[in-house]
Amino acid sequence: MEVCYQLPVLALDRAVPKHVLSRRGAISLTSSSCLFGGRSPRQLSKRRGAISYDSIDQTALYIRMLDVRLGNFRSEIRGSTSHLCVDFRSLHSGESEDHASNRKQRSKLSLQMYLQCSRSFHGTLTFRHLHLLDQVYYGQAKCMLQRVGTWNFDIFLFDRLTNGESLVCLTLELFCKYGLIELFGLDPLRLHSFLVRIQEGYRSRNPYHNSLHAADVTQAMYCYLQEPKLSESLTSWDILLALLAAATHDLEHPGVNQNFLLKNDHFLASLYQKNSVLENHHWKSALSHLRESGLLSHLPIEDRHRMEERLGSLILATDISRQNEFLSRFKAHLDRKDLNMSSPEHRQFILQMALKCADICNPCRPNSLSTCWSHCVTKEFFQQGDVERAHRHDVSPLCDRHSNSVAIIQKSFISYVVEPLFVQWARFCDTPLSHCMLGYMKQNKKYWSNAAIMRPKPKSLVRSLPLRHSNRL
Ligand SMILES: Nc1ncnc2c1ncn2[C@@H]1O[C@@H]2COP(=O)(O)O[C@H]2[C@H]1O
């Protein structure tokens, strides 16, 4: 079969054979040597050990592995080449303004520390080198970690102090706090290398869906794990799972939404049969990193499988288009007062709700932090809109910079998506933190309402704003 999986509008760097995508049962890789950088698929599959190609799961994992094997992945993140399939470079033309790429430049770290950090990234840092690190900045980062469980934790500052390594530093700290390394007999080096892979697996050029967002969600998840209803009933497995899910929940996000992938017949849309395409991709990517790093390889196979399934159920719950489904179920439980935290099924459900809250908690942060997130997320929407416009496609809802404003998007997002969820979460937790989040949310809503009045709505917005907020359709 012909190797042709052309996107109508965007540049294709590497084609994925259609039969990889369309036939569930069998993947023939023979006609796709271009995918393997000159190596035969056989060689690769041999090197990977036993990869079975007989399920959609393995297909997904294999596609991610190819991404890594080809070295394409890292270079795309570093900005020199492009992604496996879609060339997303046009999304990032305004490089100088890019928040994420500026993070490194804005970092106050010395060159010496930068070099040390990149060595530590690639595993060549020795303990002797650690003494050479710029103590001032690591000292400050360490200091911040003492307050990692506070809701006004400034993740932007923490990221600068750790030279863009907030996800690794924060997650390691939380693993240590909970004693997960000892409890699960984890190899600290494998854990570190797994977290570095995860951090690098986020595209730093995405204004919003980058490793800083993952670090923010992980920090929020930690705050929720401290809530008495959770802390008094969760097991160590639950905690391990919750932290892993938070850290990986948007892994390899391409910086565009599902609607964009569907419209462009992206191979991921076919692979996941147009269902929670991004979330499935995040989950499978997380699995491949978990397996490749061997982090849990010493645990019994049944435990690992259970863990992988549960990880999937958490990450898939972050699909915002399933918000109503989760919210109705949550409300029904709260009305009936029948949540029983000693039931594994109910604990998993509460972890799903906690991750959903952590994922969209940015409007519930203090205004100085919340507004930064609002600008980042809007920037990503508008970049997608610019590409759609440039290719004469319909511009997706919320993505048109000419008919939207940050304020309007925020007002609508807070009212229709955030508030209903956090009101129920506060009903469930009924703690100072849950009410404090509602307080910040109200302040932010007011702030954006005023901003919207000060900056009048573009005329075309009256026609284009959807009734219900969703950037995914
Ligand atoms: N502050 C925000 N304003 C508007 N949309 C948001 C905001 N924060 C998160 N979102 C949206 O909520 C979605 C949650 O799932 P995703 O991370 O895939 O994509 C996210 C964004 O589309």
Side-chain angles (χ1 to χ4, degrees), residues 99 155 202-203 206-218 220-221 245-262 268 272 275-283 285 314-324 326-327 352-385 396-401 404-422 437 440-441 443-445 447-449 451-452 465-466 468-473:
H99 160 75
I155 197 74
Y202 281 93
R203 287 156 210 272
N206 290 345
Y208 177 77
H209 286 104
N210 51 46
S211 63
L212 182 55
H213 165 62
D216 184 54
V217 171
T218 308
M221 179 56 110
T248 59
H249 81 284
D250 269 335
L251 195 54
E252 291 192 28
H253 197 294
V256 290
N257 62 20
Q258 167 168 302
N259 185 35
F260 184 96
L261 299 180
L262 297 184
L268 290 176
Y272 298 115
N275 251 327
S276 298
V277 174
L278 285 169
E279 292 72 20
N280 268 302
H281 182 51
H282 307 320
W283 172 35
S285 302
L314 291 192
I315 295 178
L316 292 180
T318 63
D319 182 344
I320 201 82
S321 67
R322 296 178 62 200
Q323 169 96 338
N324 281 346
F326 279 94
L327 205 52
Q352 286 176 319
M353 296 311 299
L355 183 59
K356 286 178 66 55
C357 288
D359 190 24
I360 57 167
C361 72
N362 64 75
C364 302
R365 297 280 192 182
N367 185 263
S368 57
L369 301 174
S370 175
T371 46
C372 290
W373 290 119
S374 304
H375 288 288
C376 293
V377 79
T378 312
K379 185 171 180 185
E380 198 169 294
F381 291 166
F382 288 174
Q383 282 185 350
Q384 174 181 327
S396 299
L398 309 178
C399 296
D400 189 347
R401 66 172 76 246
N404 280 297
S405 70
V406 185
I408 301 280
I409 293 175
Q410 292 314 296
K411 246 180 75 179
S412 136
F413 182 68
I414 296 175
S415 307
Y416 299 112
V417 183
V418 181
E419 192 164 3
L421 179 64
F422 280 85
M437 289 195 298
Y440 282 132
M441 186 201 68
Q443 282 173 16
N444 290 323
K445 191 172 158 185
Y447 172 87
W448 289 117
S449 300
L465 196 69
R468 212 183 126 266
H469 173 104
S470 166
N471 71 319
R472 284 167 191 270
L473 287 189

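Each ligand, and each atom within it, is numbered from 1 in the order the structure gives. Just so you know, these numbers come straight off a predicted model, no measurement behind them.
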| query | Which of the numbered atoms in ligand 1 are below 4.0 angstrom from a heavy atom of Asp359? | reply | 14 (C), 15 (O), 17 (O)

| field | Element-labelled atoms of ligand 1 that are located less than 4.0 Å from some non-hydrogen atom of Ile360 | value | 12 (O), 14 (C)

| query | Out of curiosity, Ile408 CD1 to Asn404 CG, how far, rounded to the nearest 0.5 Å? | reply | 8.0 Å

| Taking atom SG of Cys357 and atom CE of Met437, what is their separation to the nearest 0.5 Å? | 6.5 Å

I need the contact type for [X] against ligand 1. Using non-hydrogen atoms and a strict under-4.0 Å cut-off, is it side chain, backbone, both or neither?
{"X": "Tyr208", "answer": "side chain"}
{"X": "Leu278", "answer": "neither"}
{"X": "Thr378", "answer": "neither"}

Could you tell me whether some N/O pair between [X] and ligand 1 is separated by less than 3.5 angstrom?
{"X": "His213", "answer": "no"}
{"X": "Gln410", "answer": "yes"}
{"X": "Asn362", "answer": "yes"}

| message | Could you tell me if the side chain of Phe413 sits less than 4.5 Å from the side chain of Pro363, heavy atoms only? | response | yes

| task | State which residue, out of Asp359, Val417, Asn257, fulfils the side chain to side chain contact (heavy atoms under 4.5 Å, CB included) condition with Ile320. | result | Val417

| Would you say Val377 contacts ligand 1, with heavy atoms under 4.0 Å as the rule? | yes

| request: Run the contact test for Gln258 against ligand 1 with a 4.0 Å cut-off on heavy atoms, strictly below, and give the result. | output: no

| message | Checking Ser374 now: which residues fulfil side chain to side chain donor-acceptor pair (under 3.5 Å) with it, not counting sequence neighbours? | response | Gln410

| message | Does the plane of the ring in His282 sit parallel, tilted or perpendicular to the ring in His253? Use 30° and 60° as the thresholds. | response | parallel

| Taking only residues at least two apart or on different chains, which pairs with a member in residues 362-374 satisfy salt bridge (charged side-chain N to carboxylate O under 4.0 Å, His left out)? | Asp216-Arg365

